[in-house]
Amino acid sequence: MKPFSFTFLMMSSLYPNAIPLQLQPENGSCINVVILTKASESCFPLNFHVASELIYHSDLSTFSHLARFKKIDAVCLDLDFFKDEASLFLLQRINNPTLLSIPVFIRASSNKDIEKLIQYSIDDFYVGDTESPILAFRLHKFLKHAESLAHENKNQKNTSVELAFMAYYDPLTGLPNRQLFKERTQESINSSIQNQFSFALMFMDLDGFKAVNDTNDHKAGDWLLCQVALRLRNCVKKTDTVARLGGDEFGIILNDVENKTDIESIAHRLSYRLGTPYSYKGRHLRIHASIGISLFPEHGKSYDTLIVRGDRAMYSAKKKGKGQFCFS
C-alpha cells in the first residue's frame, strides 16, 4: 500500500460547517467521504486504508446542497447525534436519485436506534463500541465498495457536478447566481416562518462601473467585479448569502437580523468598503454602490414581493446620490 500524505483543505463559505481532511496517496486518486456528525471528534476510525477526502458536516438539512455541488462518493452517518433527523434524511434520500446513488454507512450505539432505519436502503451499519476492530473492518469494506463505484461512475459524476455548478453559480465571481439566490430566499422564508425570526434582502447596483469598464482594458471590469464579490463576502456572516444577480447587480440575504439598526450598520460598512479605491495596474479605480433593502415579513412574505420592493428601494437610493442606501 502506498504511503499517505496529509493535507488540510478549506471549503467555500457556502458550507461553513464542512471541514475536510484529506488522506491522499501519491498517485492522487481520492474519493470524497462525508462524515455526518455533531461531535468534535469522529466516532469512525480515520485509518480507512482507502484514499479519502474526509468532509465533516453537521447539518442534515443542507446535505443535499452539498451533494449538488460537491462530488460525494460515500457517507458515514453517526446516528447518536441525529435520531429523528436521520429518518427524514434517509427518506428524502430514497426519493432523490442522486442521493440514493451515494452509499451510506451508519454507526449507532444501540439496536433500538438502528432498527427503524434498516428499511431506508442503507448500505451497511454497525452497532457497538467505536474501538472495536469489527467497525474498522466493516468500514474498510464499505469504503472499498464506494471506491469501486466511484471509479465506475467517475466521468458521469464529474459532469453532473459541473452542470449543477453552471446552473447555480456565476462563473466569473464564483458567487451564487439569481436562481440560487431565489432558492436561498425561499429557504429563508420557510425557516423564518417556522422559527419566527426576520431576515433582510439587499439589492445593490454599482455606481460608476460602466465608466471604469469603458476607460480601461477589457479585463478591468471582470477584475473589478471579482474584487467587489470578495469585499461583499468579507462584510457579512458566513451563514448569509452573497449573489451576483447579473451585470453589476448583486444581492445579499442577511439571515436572522434583530433590528434595523444592525442592518443599517451593515449597509454603512458595505458602502464604505465598496467605495474604497481599488488598485488596478497602478491605477486607482473608484466606484460606489446604491443599496435597496427589503425586510421579511414587514415588506413582503414572498420572494417576488421582496425583490420588487428591494429593487424600488435601490433606485430610490440611486436618486439620493452615490453610495447611499434606502429601506423599502
Exercise. Determine whether more than 12 heavy atoms belonging to other residues, nucleotides or ligands lie under 6.0 Å from atom NZ of K301.
Key: no
Quiz item: Relative to the ring of W223, is the ring of Y280 parallel (under 30°), tilted (30 to 60°) or perpendicular (over 60°)?
Solution: tilted
Quiz item: Is R312 atom CZ crowded by more than 12 heavy atoms from other residues, nucleotides or ligands, each under 6.0 Å away?
Solution: no
Practice problem: May I ask you to test the S265-H268 pair for a side-chain heavy-atom distance under 4.5 Å? | Solution: no
Exercise. Decide, yes or no, whether a salt bridge links D78 with K38 under the criterion of side-chain N to carboxylate O below 4.0 Å.
Key: no
Self-check item: Exam field: side chain D73 to backbone N32, donor-acceptor pair closer than 3.5 Å
Solution: yes
Exercise. Verify the cluster assignment for V242 and L172: are they in a single hydrophobic cluster under the rule of side-chain heavy atoms below 4.5 Å apart?
Key: yes
Quiz item: For the atom pair CG (L149) and CG (L143), what is the distance rounded to the nearest 0.5 Å?
Solution: 11.5 Å
Quiz item: If only atom types and distance count, is the side chain of N177 paired as donor or acceptor with the main-chain N or O of L180 below 3.5 Å?
Solution: yes
Exercise. Taking all heavy atoms of V236 and all of D240, pick out the closest pair and write down the distance.
Key: CB-OD2, 3.7 Å
Quiz item: Considering all heavy atoms of both residues, which atom of P297 and which atom of S198 are nearest to each other, and what is their separation?
Solution: CD-OG, 3.9 Å
Quiz item: Within a reach of under 6.0 Å around NZ of K260, are more than 12 heavy atoms found that belong to other residues, nucleotides or ligands?
Solution: yes
Self-check item: Expected output: side-chain N213 to main-chain F209 donor-acceptor under 3.5 Å
Solution: no
Exercise. Look up atom CD1 in I106 and atom CD1 in I114, then write down how far apart they are to the nearest 0.5 Å.
Key: 4.5 Å
Self-check item: R93/D123 ion pair, N-O < 4.0 Å
Solution: yes
Exercise. Please check if L274 and I287 belong to a single hydrophobic cluster, counting links between Ile, Leu, Val, Met, Phe, Trp and Tyr side chain heavy atoms closer than 4.5 Å.
Key: yes
Quiz item: Do the side-chain N and O atoms of S328 and R309 include a donor-acceptor pair separated by under 3.5 angstrom?
Solution: yes
Quiz prompt | CA sep, side-chain torsions, deciding dist, call: F63, I72, side-chain contact (heavy atoms from CB on, under 4.5 Å) | solution = CA-CA 10 Å; F63 176 81; I72 296 175; 3.8 Å; yes
Quiz item: Between the main-chain N or O of D59 and the side-chain N or O of H57, is there a donor-acceptor pair closer than 3.5 Å?
Solution: yes
Self-check item: Euclidean distance, D248 CG relative to L224 CG, rounded to 0.5 Å
Solution: 9.5 Å
Exercise. Tell me, with the steps shown, if T239 and N255 meet side-chain hydrogen bond (donor to acceptor under 3.5 Å, both in side chains).
Key: CA-CA 7 Å; T239 52; N255 287 305; 5.5 Å; no
Quiz item: What is the distance from atom NE2 of H288 to atom NZ of K318, rounded to the nearest 0.5 Å?
Solution: 11.5 Å
Quiz item: Are L232 and L230 connected in a single hydrophobic cluster, I mean Ile/Leu/Val/Met/Phe/Trp/Tyr linked by side-chain heavy atoms less than 4.5 Å apart?
Solution: no
Self-check item: Closest non-hydrogen atom pair, L295 against A200
Solution: CD2-CB, 3.6 Å
Practice problem: State yes or no: do Y303 and M314 share one hydrophobic cluster built from I, L, V, M, F, W and Y residues joined by side-chain heavy-atom distances below 4.5 Å, directly or via other members? | Solution: yes
Quiz prompt | Minimum heavy-atom distance G323-D207, with the two atoms named | solution = N-OD2, 3.7 Å
Quiz item: Is a side-chain N or O of T215 found less than 3.5 angstrom from the main chain of A211, in a donor-acceptor match?
Solution: yes
Practice problem: Mind listing the closest non-hydrogen atom pair of F325 and K320 along with its distance? | Solution: O-NZ, 3.6 Å
Quiz prompt | Modelled atom types, side-chain donor and acceptor of S109 and D80, under 3.5 Å | solution = yes
Quiz item: Between F181 and G251, which heavy-atom pair has the shortest distance, and what is it?
Solution: CE1-C, 3.6 Å
Exercise. Compute the centroid of each ring, for F82 and then for F89, and state whether the two points are separated by less than 6.0 Å.
Key: no
Quiz prompt | Straight-line distance of L79 CG to T37 OG1, nearest 0.5 Å | solution = 10.5 Å
Quiz prompt | Test side-chain contact (heavy atoms from CB on, under 4.5 Å) applied to F250 and L225, L245, D170, the passing residue | solution = L225
Self-check item: CA sep, side-chain torsions, deciding dist, call: N216, K281, side-chain contact (heavy atoms from CB on, under 4.5 Å)
Solution: CA-CA 10 Å; N216 293 274; K281 294 185 176 181; over 6 Å; no
Self-check item: Contact check, side chains of K182 and I307, non-hydrogen atoms, under 4.5 Å
Solution: no
Exercise. Enter the distance from Y272:OH to C235:SG here, rounded to the nearest 0.5 Å.
Key: 10.5 Å
Quiz item: In terms of hydrophobic clusters joined by side-chain contacts under 4.5 Å, are V257 and F203 together?
Solution: no
Quiz item: Would you say the side-chain atoms of R107 pair up with the backbone N or O of T130, donor to acceptor, closer than 3.5 Å?
Solution: no
Practice problem: Check for a donor-acceptor pair, side chain of S191 on one end and backbone N or O of E187 on the other, with a separation under 3.5 Å. | Solution: no
Quiz item: For the side-chain contact (heavy atoms from CB on, under 4.5 Å) test, which of I291, I266, T276 pairs with S271?
Solution: I291
Quiz item: S58 versus F81: any side-chain heavy-atom pair under 4.5 Å?
Solution: no
Self-check item: Within 6.0 Å of CZ in F197, more than 12 heavy atoms from elsewhere
Solution: yes
Quiz item: Do M204 and I252 pass the side-chain contact (heavy atoms from CB on, under 4.5 Å) test, and can you show the C-alpha distance, the side-chain angles, and the key distance before you say yes or no?
Solution: CA-CA 9 Å; M204 60 191 68; I252 298 178; 3.7 Å; yes
Quiz item: Is the F199 ring parallel, tilted or perpendicular to the F296 ring (thresholds 30°, 60°)?
Solution: parallel
Exercise. For side-chain contact (heavy atoms from CB on, under 4.5 Å), just list the numbers for I253 and L201, CA-CA rounded to whole Å, side-chain angles, deciding distance to a tenth of an Å, and then say yes or no.
Key: CA-CA 5 Å; I253 305 173; L201 295 187; 3.6 Å; yes
